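What follows is one structure encoded as structure tokens, with my remarks underneath.
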Amino acid sequence: MTRIVERDRCPGLLRPYRTVDGNMIRLRLPGGLVSSAQLMEVAELARAFANSEVQITSRNNLQIRALPDPIPCEFTEAAFATGLMPSPAHERIRTVVCSPLTSIAPVHADLSQLVRALDAAIIADPELPGLPGRFLFALDDGSDDVLGEDFDLGYRALPDGQAVVFVGGCPEGRRIAAEDAVSTLLELAHRFLAVAEAGEKPAWHIRELPNPADLLDGIGQPCDLRRPASEHPLPFGAVAGAAHVGIPLGMLDRAQAATIHHLAPECGSGQVVVTPWRSVLIPGAADRLDELAAAGLVTSTGSVWQTLTACYGKPCNNALVDTRDIAWAVASQHPEAFPELVHLSGCDRVCGEPGGEHVGLVAPRDAAAVLEAVVG
């Protein structure tokens with residue numbers, strides 16, 4: 001399985017992606033689970049070596065851009081020291097999204113242990129580094145909040161120790177015992193690897209296979225539950241005793257990271273959850289919203305940042321416009337939330353476009369046209 005891996009430009013720490021503004025690296029956070037101390041360490045690395053921004057991706061991972069070329073050994077060593085890359089061989093295939101509230105207010109099951117068990121099993125498997133870096137696992141605790149993502153392998157908890165597994169491109173699932181979750185998901189990943197190179201064009205995702213449902217042959221039992229549509233992302237503000245705060249355009253600065261790091265140990269264990277919606281959940285911090293808002297984090301459900309996202313834009317190699325400048329202009333003229341999620345893309349590659357229902361606007365060379373389309 002070499003062709004996909006050789007062509008795959010999805011970045012990691014040891015395999016950066018070169019952009020106009022420098023090197024970009026990505027650190028995976030399976031399930032978005034991270035300590036506030038680790039988040040602070042990454043923010044310090046961005047300040048010391050890059051442009052002082054930590055970018056939250058739509059797969060709850062962390063990116064640092066504008067790194068020098070070559071990347072200094074001191075940066076790489078410090079990034080390893082955060083503990084966020086436990087296996088160099090597997091660093092780019094640990095992309096797992098999970099219901100963000102699962103450890104705080106689970107619906108059918110707390111999946112945080114499943115996230116950790118799945119990650120450990122992926123790291124222990126010598127064949128899985130052959131997966132594309134874009135391969136996505138989505139684990140839903142019954143909230144129906146992440147299964148709208150464009151996943152490759154999906155899992156939904158049911159009551160009484162049961163669950164359903166899904167494959168991308170197929171609405172039907174198979175019922176399994178929850179205790180078989182890790183082994184079933186890894187079996188399906190191996191089945192994909194076995195056929196991904198078989199066609200004229202390698203498949204980057206399961207949904208690109210001619211018959212994705214074939215991967216489910218002999219897995220579990222047929223069930224009536226079809227892939228549910230995801231609900232709207234969590235509102236900003238107080239949720240289940242936690243503070244859910246938005247990060248405008250997913251760009252976390254050092255001061256914001258410091259505020260989160262200050263509050264998380266005071267209010268809870270120090271663990272936080274980075275969500276697939278470029279936001280952060282801080283357990284126990286529901287009564288500290290004023291401090292978070294003062295740091296520039298979004299704490300109001302009615303904010304336009306609940307419904308407005310954008311790709312990085314210029315200086316990306318392919319972007320035609322500065323999508324972030326456009327988004328900030330939109331927010332200044334239309335501070336209230338839109339009826340639907342709106343995403344601005346700087347080119348027709350639509351990198352970073354969210355999964356699920358949304359209005360996607362691809363920027364032409366005239367940035368004003370996009371602004372008029374959104375606000376006008």
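When a residue number appears, it is its place in the shown sequence, counting from 1. Because the structure is a prediction, the values reported are computed rather than measured.
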How long is the span from the NE2 atom in His261 to the CD1 atom in Ile282, to the nearest 0.5 Å?
12.5 Å

Expected output: side-chain Thr102 to main-chain Leu111 donor-acceptor under 3.5 Å:
yes

Using a strict threshold of under 4.0 Å (side-chain N to carboxylate O), is an ion pair present between Arg134 and Asp152?
no

Spell out, yes or no, whether Leu308 and Val359 are grouped together once hydrophobic residues are joined by side-chain heavy atoms under 4.5 Å, including indirect joins.
yes

Between atom CD of Glu127 and atom CG of Leu186, what is the distance when rounded to the nearest 0.5 Å?
10.5 Å

Verify, without hydrogens or angle tests, whether Gln162 (side chain) and Arg175 (backbone) share a donor-acceptor contact under 3.5 angstrom.
no

Do side-chain atoms of Arg174 reach the backbone of Ile219 as a donor and acceptor pair under 3.5 angstrom?
yes

For side chain to side chain contact (heavy atoms under 4.5 Å, CB included), just list the numbers for Leu131 and His90, CA-CA rounded to whole Å, side-chain angles, deciding distance to a tenth of an Å, and then say yes or no.
CA-CA 9 Å; Leu131 288 172; His90 298 78; over 6 Å; no

Contacts of type side chain to side chain contact (heavy atoms under 4.5 Å, CB included), residue Glu41, not counting sequence neighbours:
Gln38, Thr82

Hydrophobic cluster identity match, Tyr17 and Leu67, side-chain contacts under 4.5 Å
no

Pair Lys201 + Glu208: basic N to acidic O under 4.0 Å
no

Leu101 reachable from Leu139 in the ILVMFWY side-chain graph, under 4.5 Å edges
yes

Any Lys/Arg nitrogen of Lys314 or Asp322 sitting under 4.0 Å from an Asp/Glu carboxylate oxygen of the other?
no

Hey, could you give me the CG/CD distance between Leu249 and Glu53, rounded to the nearest 0.5 Å?
9.5 Å

Would a hydrophobic clustering, with Ile, Leu, Val, Met, Phe, Trp and Tyr connected at side-chain separations under 4.5 Å, put Leu128 with Ile123?
no

Flag, side chain of Thr323 to backbone of Leu344, donor-acceptor distance under 3.5 Å
no

